[in-house]
Amino acid sequence: MYTKDKMDKYLNVISLNIPWPANYGGVIDIYYKLKALHACGVHIILHCFEYERAKSPELEAICHEVHYYKRRTGIIPNLTYLPYNVYGRKDPHLISNLLNNNYPILFEGLHSCYYIGDKRLRNRMKIFRECNIEHDYYRALSHSTDNIIKKWYFQLEGLRFQLFQKQAEWANLIVAVSMTDASYLRKIFPHKQIEFIPCFHANEQISISRGKSDYVLYHGKLSVPENEKALLFLIKNVFSRLNYSCIIAGMNPTESIYKAAAPYPNVRIIPNPTQEQMDKLISQAQIHTLVTFQDTGLKLKLLNSLFCGRHIVANPLMLAGSGLDSLCHIVNTADEMVQVCNKLMEEPVDENIVQQRKAILFPEYSNAYQAERLRKMIYGE
């Protein structure tokens with residue numbers, strides 16, 4: 001076990017994917033956490049699995065070392081009682097590199113936890129970063145698709161994650177992404193230290209444009225079944241009834257989204273925008289429509305919209321466990337959303353709204369504040 005007098009604030013971090021570019025949920029939290037920990041003096045030894053992303057020199061600027069491992073995909077990793085997303089991240093070079101030092105280990109999500117219970121790591125400080133109640137997430141995905149094969153896979157993966165979740169017992173510290181998830185985990189692991197630390201994100205300060213504009217925005221990774229389901233609902237039940245421009249922006253929109261939007265001339269899809277384009281769309285939108293049908297994790301699009309966007313219209317599941325309800329216009333039905341959107345299109349954002357957000361978002365949702373909290377938890381300061 002490391003000792004305080006010999007410990008020079010080094011930290012192993014196991015990432016489920018290469019966390020750059022930071023352009024979708026899981027890797028956004030990881031990348032900006034790395035960046036914030038680096039800023040408060042932690043030397044990071046990053047272990048990341050390659051999956052549909054290239055090796056990144058950008059990570060070397062904030063990490064002491066970066067190690068890459070091939071993720072195993074295909075049929076073989078599925079022929080196991082372990083989750084496919086866990087077994088595919090088994091690599092003997094990873095455990096070998098972890099054993100080359102005696103520093104704490106941060107496991108980013110259950111996907112990265114294949115070695116969390118390994119007897120060779122029993123005396124190590126281990127931190128589990130919970131980013132979803134995975135079995136709930138995968139079961140919700142199974143309800144979001146009509147594809148029989150995908151539905152079966154999501155159900156199976158959910159069951160395997162539910163069985164695998166007990167491996168988090170080997171962590172010394174569990175860090176939950178939402179207050180709801182923290183409450184759930186305290187019931188499952190009553191003798192563990194469990195803390196709420198919200199998602200890390202790209203925003204260092206509130207940067208909301210005052211005044212108003214003339215369009216509504218929905219943004220996200222559009223190929224994700226959860227987002228596709230929410231967006232199809234919005235197009236059919238909300239956007240089709242609004243008399244102003246409704247913009248949909250994000251990665252890899254599905255054919256179903258294009259088909260649903262086609263009959264409505266006021267609905268425009270911007271596929272795979274650059275980061276600069278997305279930032280501009282978020283900043284200039286009059287209204288952000290945030291809808292989800294599953295209350296898992298904390299939605300990064302909510303934080304981005306609150307830090308950079310004007311009015312936020314959201315359903316209760318989007319806000320579950322966030323503590324941010326007072327900053328949003330909460331709606332329960334499509335009729336309510338249409339009514340609220342029509343009202344907010346005429347209301348400019350003023351300084352009072354900006355100050356209200358600052359009062360609630362800082363310091364609780366500040367990267368620097370949460371990185372310092374996490375550093376103290378890990379190193380016992």
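No hydrogens, no waters, no symmetry mates; every other heavy atom, side chains included, goes into these values.
Looking at Lys126, its side chain never comes within 3.5 Å of a backbone N or O of Phe107 through a donor-acceptor pair. When atom types are taken as modelled, the side chain of His67 and the backbone of Ile45 share no donor-acceptor pair closer than 3.5 angstrom. For Tyr244 (side chain) and Tyr215 (main-chain N/O), no donor-acceptor pair under 3.5 Å exists by modelled atom type. Here the side chain of Gln286 pairs a donor or acceptor atom with the backbone of Leu344 at under 3.5 angstrom. Under the 3.5 Å distance criterion, the side-chain polar atoms of Arg122 are matched with a main-chain donor or acceptor of Gly117. Judged purely by atom type and a 3.5 angstrom limit, Lys151 uses its side chain to pair as donor or acceptor with the backbone of Thr145. No donor-acceptor distance shorter than 3.5 angstrom exists from the side chain of Arg268 to the backbone of Ser245, with no hydrogens or angles considered. Here the side chain of Arg310 pairs no donor or acceptor atom with the backbone of Ile208 at under 3.5 angstrom. Side chain of Asp350 to main chain of Ile353: a donor-acceptor pair is present (N/O by atom type, distance under 3.5 Å, no hydrogens or angles). Listed for the Asn12 side chain is no donor-acceptor partner under 3.5 Å among the backbone atoms of Leu98.
Using a 4.5 Å heavy-atom threshold, the side chains of Val177 and Asn132 count as separate. A heavy-atom distance below 4.5 Å is found between the side chains of Ile312 and Leu306. For the pair Lys301/Met318, a side-chain contact is recorded, criterion being any heavy-atom separation below 4.5 Å from C-beta on. No side-chain heavy atom of Tyr114 sits less than 4.5 Å from a side-chain heavy atom of Leu94. Between Val216 and His311 the shortest side-chain heavy-atom distance does not fall below 4.5 Å. By the 4.5 Å heavy-atom criterion applied to side chains, Tyr84 and Thr73 are counted as neighbours. Arg129 places a side-chain heavy atom less than 4.5 Å from the side chain of Ile197. Between Ile18 and Leu59 there is a side-chain heavy-atom pair separated by less than 4.5 Å.
Alongside Ile75, the hydrophobic cluster contains Ile76, Leu79 (criterion: ILVMFWY side chains under 4.5 Å).
Linking ILVMFWY residues whenever their side-chain heavy atoms come closer than 4.5 Å, directly or via other members, places Ile378 and Ile30 in the same cluster. Follow the hydrophobic side-chain contacts under 4.5 Å out from Leu281 and you never reach Leu290; the two are in separate clusters. Placement of Ile287 and Val331 within a single hydrophobic cluster is found when ILVMFWY residues are connected by side-chain heavy-atom separations under 4.5 Å, directly or transitively.
Defined by atom type and a distance below 3.5 Å, a donor-acceptor pair is missing between the side-chain atoms of Asn367 and Lys35. Side chain to side chain, Glu276 and Thr274 fail the donor-acceptor criterion of an N or O pair below 3.5 Å. There is a side-chain donor-acceptor pair under 3.5 Å between Gln275 and Asp279. Between the side chains of Asn266 and Asn243, no donor N or O sits under 3.5 Å from an acceptor N or O. Checked by atom type, the side-chain pair His93/Tyr69 shows no donor-acceptor distance below 3.5 Å. For the residue pair Asn85 / Arg71, a side-chain donor-acceptor distance below 3.5 Å is found, with atom types taken as modelled.
In this pair, Tyr153 and Tyr138 present their aromatic rings perpendicular. The plane angle is above 60°, beyond the 30 to 60° band. The aromatic rings of Tyr365 and Phe196 stand perpendicular to each other, their planes meeting at an angle above 60°, with 30° marking the opposite boundary. Using the six-membered ring where Trp is involved, His201 and Phe307 have ring planes that are tilted, between 30° and 60° apart.
Residues passing the ring-ring contact (aromatic ring centres under 6.0 Å, His included) test with Phe233, sequence neighbours excluded: Phe293.
Pairing each heavy atom of His38 with each of Ile44, the nearest pair is N-CD1, 4.1 Å. Contact record, Val291 with Asn315: CA-OD1, 3.5 Å, taken as the closest heavy-atom pair. Between Leu185 and Ala176, the closest heavy-atom pair is CD1-CB, 4.1 Å.
Put simply, the residue from Ser209, Ser213, Ser207 that forms a side-chain hydrogen bond (donor to acceptor under 3.5 Å, both in side chains) with Ser283 is Ser209. The only member of Phe161, Phe164, Tyr51, Phe49 that meets ring pair (Phe, Tyr, Trp, His ring centres under 6.0 Å) when paired with His111 is Phe161.
Salt bridge Arg72/Asp91: absent, no basic N to carboxylate O contact under 4.0 Å. Taking a cutoff of 4.0 Å between a charged side-chain nitrogen and a carboxylate oxygen, Glu347 and Lys343 qualify as a salt bridge.
Residue Asp146 qualifies as open at atom CG: its count of foreign heavy atoms under 6.0 Å is 12 or below. With a 6.0 Å radius and a threshold of 12 heavy atoms from other residues, nucleotides or ligands, Lys229 has its NZ atom above the threshold.
Under the salt bridge (charged side-chain N to carboxylate O under 4.0 Å, His left out) criterion, the residue pairs touching residues 199-213 are Arg210-Glu351, Lys212-Glu346, with sequence neighbours excluded.
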Verify side chain to side chain donor-acceptor pair (under 3.5 Å) between Asp335 and Gln339, making sure each step is shown before the conclusion.
-> CA-CA 6 Å; Asp335 289 344; Gln339 182 180 2; over 6 Å; no
Worked verdict on Arg241 versus Asn342 for side chain to side chain donor-acceptor pair (under 3.5 Å) | CA-CA 10 Å; Arg241 299 162 59 189; Asn342 284 328; over 6 Å; no
Working for side chain to side chain donor-acceptor pair (under 3.5 Å), residues Asn101 and Arg124 = CA-CA 10 Å; Asn101 64 63; Arg124 298 284 285 276; 3.0 Å; yes
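Annotation: cation-pi pair Lys9/Tyr379 present, NZ/CZ under 6.0 Å from the ring centroid and within 45° of its normal.
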